[in-house]
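As structure tokens, the structure follows; a few thoughts come after it.
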Amino acid sequence: MNKDYKATNDIIKAIKKKKSIKYVSYDIFDTLVQRKIYNHNTIFELVMNIYEKKYGNRIEDYALNRVSAEIELWKRTSEGVFLLDNIYSELSGKYGEEIAEKLKQIELYVEENIIDLNPIIIETSEKVKSDGYEIILTSDMYLGSEFIKKNLIKLGYEDFSFIFISGECRATKAKGDLFNKVEKKLNSRNVLHIGDNCKGDFLKPRLSGMKSIMYRPYCNKYYNIRNIKNLSDEILIGLINNHPVNDMNYFYDIGYSILGPILLGFSTWIRKEMINEKIDNVVFLARDGYIVKKVFEMLYSKESIHTNYMYISRKSAIAGLVSKCKSMHEILKLYKFRRKESLRDVLKRLGISTADLEENLNVIVDRKDLYNGMYDEIISKYTQIVIDNGIEQRKYLEEYCSEVFKNGKNIIVDIGWHGTIQKALMDILSDNVNIKGMYLGLEELCDSEDMSSYFEFSHLFNHNMIPYTRGVYETFFSANHSSTESYKKVNGRISPEFNGNYKKNVDIDELQDGALKFIKEYVELAHRLEISIENVSPDLVASGIINFAINPNKMDAERFGKIYFNDTIDRKLIDYKKGKIKYNIRAFLNSDWKAGYLSSRSYLKIPYGNIMAKANKLRGKKYNG
């Protein structure tokens with residue numbers, strides 16, 4: 001969240017401190033309403049984009065001339081006392097009346113489609129209205145009051161008595177004389193004005209004898225706006241900035257602003273690759289491919305693409321490779337264990353049922369010692385059981401793959417890190433089936449044409465940051481079902497067997513509901529503005545989730561860290577207990593979001609994720625968890 005903007009309660013408290021107030025005046029643009037673009041001048045690029053597609057030709061100097069015409073009118077008139085008709089009268093001298101009129105109508109259409117109510121201000125408006133204040137709207141604007149009124153009503157807002165527009169009143173907020181006209185019309189100085197411009201909305205009302213409050217609009221600080229490259233990016237950031245993170249709907253709002261954009265970019269990248277490679281079968285791997293599949297099908301439901309969801313996990317995939325092993329030492333090398341865990345948990349991960357385990361296996365072992373063979377003698381007695389299970393699981397997995405994959409080229413989609421499942425599948429699949437893995441990120445640099453990572457397009461991404469942030473990504477992308485343990489045959493078909501310890505996580509549902517809402521709104525807006533959804537810049541959309549993961553602010557680290565991270569055990573993403581030093585040290589070392597853990601405990605704005613990633617690189621340490 002951005003702590004610089006004034007939230008609803010802050011504004012209401014500020015209003016109540018002002019005495020003898022009868023009217024509350026709101027600035028309109030960037031206060032009461034916000035445009036779903038980042039830069040105001042993008043309106044003119046949108047106008048030309050639609051004009052070119054509608055009439056077949058492009059006026060290259062339109063945007064420049066449109067801005068120049070407005071500047072010229074500011075100079076010639078009394079600082080802003082003009083309307084849109086005056087601007088296009090200026091432009092008709094360059095383009096002729098017919099073309100100027102077409103451009104004007106498109107600009108009005110664009111404005112209608114990119115403005116939306118500011119939820120923070122609307123909430124304050126409802127409160128002040130119920131408290132008996134009368135609401136008026138005051139703006140330095142070239143759009144007429146009838147146009148503004150019509151669109152406010154269309155958006156569902158009618159709680160105002162008067163609209164004062166500089167171009168119609170022949171006076172401006174910037175000079176202060178518009179407030180004089182407001183006072184004269186209302187026959188009262190008991191007016192409180194709220195707006196985002198320091199001079200026109202804060203200082204000038206006070207100099208006119210009114211009271212004022214400076215409003216600072218919400219801006220999501222996780223996105224690197226210098227990476228905005230095109231119109232697709234502009235409306236993406238516009239939507240995000242018009243959707244502040246509310247504490248009451250925290251996970252839904254974070255899903256909208258962080259998960260939604262990366263899902264959009266990831267999904268469109270997958271589709272482009274399918275077109276380039278002439279592949280029409282895509283398999284989304286459980287569990288992290290679940291929400292990607294949902295979004296992909298939302299975006300491309302009308303295209304001839306075959307999608308499938310494969311219930312698989314690292315554990316169930318690796319079990320199919322065990323049949324080739326000759327010793328427990330070879331088997332252990334296939335798996336990636338946690339830094340410290342009990343021998344009992346190690347063997348359970350290998351597929352040994354609890355009933356077959358001896359009671360003296362609760363000893364906690366170090367991962368390095370396990371790989372170095374220190375415990376082979378204790379656990380080697382279970383080798384044949386594991387291999388026999390592996391033979392059975394490989395047979396089931398081969399049959400399952402024949403149902404999911406087509407002969408020829410296939411794409412698999414997963415969150416990534418090591419590509420372990422893909423490597424296992426490539427060993428199991430028949431020779432006439434090829435797969436290409438498309439991942440959010442890979443921990444190792446990959447030269448293989450069989451694997452691609454979306455994060456490679458981001459200058460922010462660092463392979464060394466994965467060990468300290470992977471829990472965030474996996475939480476965002478996790479399906480709300482249990483992990484696949486193994487396979488069995490039921491009524492002639494292969495069926496997954498799930499981990500029985502899973503608990504449904506409503507926070508994950510809210511995250512993903514918010515993301516789906518973003519996708520829906522983005523696609524609808526892009527369609528109305530005739531913008532391609534395929535052109536979002538990977539560097540931009542990736543910056544949101546990467547910055548959230550590596551350098552979260554304290555509030556987000558604390559709040560998001562409370563979500564339960566269901567992987568092999570049921571625990572919070574950040575597990576902290578006040579006063580329990582040893583417990584917290586162990587929890588930090590086992591945390592899958594170490595960057596968030598440190599940010600949640602510190603008031604200092606330190607880029608912990610970047611520091612740890614650099615330290616990891618210097619050590620040359622490979623993460624094995």
For this session: Using a 4.5 Å cut-off on heavy atoms from C-beta on, say whether the side chain of Tyr157 contacts that of Ile153.
Result: no

Problem set entry | Main-chain N/O of Asn65 paired to Ser68 side chain as donor or acceptor, under 3.5 Å | no

Exercise. Is there a side-chain contact between Val81 and Thr172, using heavy atoms and a 4.5 Å cut-off?
Worked result: yes

Problem set entry | Cation over ring face, Lys102 and Tyr55, 6.0 Å, 45° | yes

Exercise. Which of parallel (below 30°), tilted (30 to 60°) and perpendicular (above 60°) describes Trp269 and Phe457?
Worked result: perpendicular

Problem set entry | Residue pair Ser537 / Asp233, side-chain donor-acceptor N/O under 3.5 Å | yes

Problem set entry | Heavy-atom closest pair, residues Leu143 and Phe147 | CD1-CE2, 3.9 Å

Exercise. Do Asn118 and Asn242 have side-chain N/O donor and acceptor atoms under 3.5 Å apart?
Worked result: no

For this session: Verify, without hydrogens or angle tests, whether Trp593 (side chain) and Gly561 (backbone) share a donor-acceptor contact under 3.5 angstrom.
Result: no

Exercise. Between Asp140 and Ala171, which heavy-atom pair has the shortest distance, and what is it?
Worked result: OD1-O, 4.5 Å

Exercise. Quick one: does Tyr522's side chain have a donor or acceptor within less than 3.5 Å of a partner on Ser232's backbone?
Worked result: yes

Exercise. Can you find a heavy atom in the side chain of Ser599 that is under 4.5 Å from one in the side chain of Asn551?
Worked result: no

Exercise. Checking Ser130 side chain against Lys127 main chain: does a donor-acceptor pair fall under 3.5 Å?
Worked result: yes

For this session: Please confirm whether the backbone N or O of Asn480 pairs with a side-chain atom of Asn505, one donor and one acceptor, at under 3.5 Å?
Result: no

For this session: Start with the C-alpha distance between Tyr252 and Tyr256, add both sets of side-chain angles, then the distance that settles ring pair (Phe, Tyr, Trp, His ring centres under 6.0 Å), and finish with yes or no.
Result: CA-CA 6 Å; Tyr252 182 91; Tyr256 184 100; 7.2 Å; no

Exercise. Any donor and acceptor pair, going by atom type alone, linking the side chain of Asn187 with main-chain N or O of Glu183 inside 3.5 Å?
Worked result: no

Problem set entry | Donor-acceptor contact below 3.5 Å, side chain Ser92 vs main chain Glu97 | no

Exercise. Going by atom types only, do Glu168 and Ser145 share a side-chain donor-acceptor pair under 3.5 Å?
Worked result: yes

For this session: Scan side-chain atoms only and decide if Thr42 and Glu234 contain a donor-acceptor pair under the 3.5 Å cut-off.
Result: yes

Exercise. So, do Asp509 and Phe251 sit near enough that their side-chain heavy atoms are less than 4.5 Å apart?
Worked result: no

Exercise. Distance-only, no hydrogens or angles: does the Ser543 side chain make a donor-acceptor pair with backbone N or O of Asn224 under 3.5 Å?
Worked result: yes

For this session: Check the pair Ile235 / Tyr38 against side chain to side chain contact (heavy atoms under 4.5 Å, CB included), numbers first and verdict last.
Result: CA-CA 7 Å; Ile235 64 171; Tyr38 178 72; over 6 Å; no

Exercise. Does the ring centre of Tyr26 sit less than 6.0 Å away from the ring centre of Tyr215?
Worked result: no

Exercise. Do His193 and Asp27 meet the criterion of a side-chain donor-acceptor pair at a distance under 3.5 Å?
Worked result: no

For this session: Would you indicate whether the side-chain heavy atoms of Pro119 and Pro244 approach each other to under 4.5 Å?
Result: yes

Exercise. Does the pair Lys104 and Asp85 meet the rule for a salt bridge (charged side-chain N to carboxylate O under 4.0 Å, His left out), with working shown?
Worked result: CA-CA 8 Å; Lys104 184 182 80 171; Asp85 287 343; 2.8 Å; yes

Exercise. Is Phe164 close to Ser25 at the side-chain level, that is, under 4.5 Å between some pair of heavy atoms?
Worked result: no

Exercise. Hey, are Ser452 and Glu273 close enough side-chain-wise for a donor-acceptor pair under 3.5 Å?
Worked result: no

For this session: May I have the step-by-step check of ring pair (Phe, Tyr, Trp, His ring centres under 6.0 Å) for Phe477 and Tyr290, ending in yes or no?
Result: CA-CA 7 Å; Phe477 281 76; Tyr290 177 80; over 10 Å; no

Exercise. Does Phe548 have its ring centroid less than 6.0 Å away from the ring centroid of Tyr223?
Worked result: no

Seminar exercise, completed: Between the CG atom in Leu540 and the CD1 atom in Ile237, the distance rounded to the nearest 0.5 Å is 4.5 Å

Problem set entry | Lys173 to Phe179, cation-pi by 6.0 Å centre distance and 45° axis angle | no

Exercise. With a 4.5 Å limit on heavy-atom distance, are the side chains of Ile99 and Leu91 in contact?
Worked result: no

Exercise. Can you tell me if Asn241 uses its side chain to pair, donor with acceptor, with the backbone of Asn220 under 3.5 Å?
Worked result: yes

Exercise. Parallel under 30°, tilted from 30 to 60°, perpendicular over 60°: which one fits the rings of Phe82 and Tyr142?
Worked result: parallel

Exercise. Side chains of Leu236 and Phe518: closer than 4.5 Å at any heavy-atom pair?
Worked result: yes

Exercise. Going by atom types alone, do Asn249 and Asp253 pair a side-chain donor with an acceptor below 3.5 Å?
Worked result: no

Exercise. Could you go step by step and tell me if Arg66 and Glu70 meet the salt bridge (charged side-chain N to carboxylate O under 4.0 Å, His left out) rule?
Worked result: CA-CA 7 Å; Arg66 169 61 180 79; Glu70 190 173 334; 2.8 Å; yes

Exercise. Just checking, any donor-acceptor pair under 3.5 angstrom between side chains of Tyr95 and Asp61?
Worked result: yes

For this session: Determine the interplanar angle of the Phe44 and His40 rings, folded into 0 to 90°, and report it as parallel if under 30°, tilted if 30 to 60°, perpendicular if over 60°.
Result: perpendicular

Exercise. Should Asp247 and Arg559 count as an ion pair when the cut-off is N to O under 4.0 Å?
Worked result: yes

Exercise. To the nearest 0.5 Å, how far apart are CD1 in Ile415 and CD1 in Ile291?
Worked result: 12.0 Å

Exercise. So, Tyr250 versus Asp507: side-chain donor-acceptor pair below 3.5 Å or not?
Worked result: no

For this session: Just do the salt bridge (charged side-chain N to carboxylate O under 4.0 Å, His left out) check on Arg58 and Glu60 with the steps written out, would you?
Result: CA-CA 6 Å; Arg58 183 175 184 83; Glu60 292 295 342; 3.6 Å; yes

For this session: With side chain to side chain contact (heavy atoms under 4.5 Å, CB included) as the test, would you mind laying out the steps for Lys211 and Asn190 before giving the verdict?
Result: CA-CA 8 Å; Lys211 295 178 174 64; Asn190 297 330; 5.8 Å; no

Problem set entry | Smallest separation among heavy atoms of Glu134 and Phe162, with atom names | OE2-CE1, 4.1 Å

For this session: Test Phe266 against Tyr439 for ring pair (Phe, Tyr, Trp, His ring centres under 6.0 Å), laying out the working first.
Result: CA-CA 9 Å; Phe266 192 33; Tyr439 302 99; 8.7 Å; no

Problem set entry | Residues Tyr88, Glu107; criterion side chain to side chain contact (heavy atoms under 4.5 Å, CB included); working and verdict | CA-CA 11 Å; Tyr88 278 94; Glu107 181 169 341; 2.5 Å; yes

Exercise. What do the steps show when you test Lys22 against Val191 for side chain to side chain contact (heavy atoms under 4.5 Å, CB included), and what is the final call?
Worked result: CA-CA 6 Å; Lys22 183 178 179 182; Val191 180; over 6 Å; no

Problem set entry | Under 3.5 Å side-chain donor-acceptor pair for Ser161 and Tyr23 | no

Exercise. Do any N or O atoms from the side chain of Asp201 and from the backbone of Asp196 form a donor-acceptor pair under 3.5 angstrom?
Worked result: yes

For this session: Could you tell me whether Lys517 and Glu521 make a salt bridge, using a distance below 4.0 angstrom between a side-chain N and a carboxylate O?
Result: yes

For this session: Given salt bridge (charged side-chain N to carboxylate O under 4.0 Å, His left out), test Glu111 with Arg35 step by step and report yes or no.
Result: CA-CA 8 Å; Glu111 288 282 11; Arg35 293 181 173 105; 3.0 Å; yes

